[in-house]
Amino acid sequence: MQHLTNLESIAEIGAGWEYYLDMFIAARDGSPRPQFDDYHPAMQSYYQALVG
């Protein structure tokens, strides 16, 4: 659990895991589940910029 609360550890997980982390948080605290469409293709340009 500590890895999910430490920002440096989350950064090491890498791109693409935001959806799964948000799903985990929703399951943990009962908040609404994220919609995958909010992440893809919405974040496509972000990931392309990371690659260069």
Checklist line | Over all atoms of both residues, closest heavy-atom pair of D22 and P34 | finding: CB-CG, 3.8 Å

[X]: which residues meet the side-chain contact (heavy atoms from CB on, under 4.5 Å) condition with it, sequence neighbours left out?
| X | answer |
| --- | --- |
| S31 | A26, D29 |
| Q48 | Q44 |
| M43 | E18, Y39, Y46, Y47 |

Checklist line | Euclidean distance, Y19 OH relative to Q35 CD, rounded to 0.5 Å | finding: 7.5 Å

Margin query: Nearest 0.5 angstrom please: D38 CG to F36 CZ, how far?
Written below: 10.5 Å

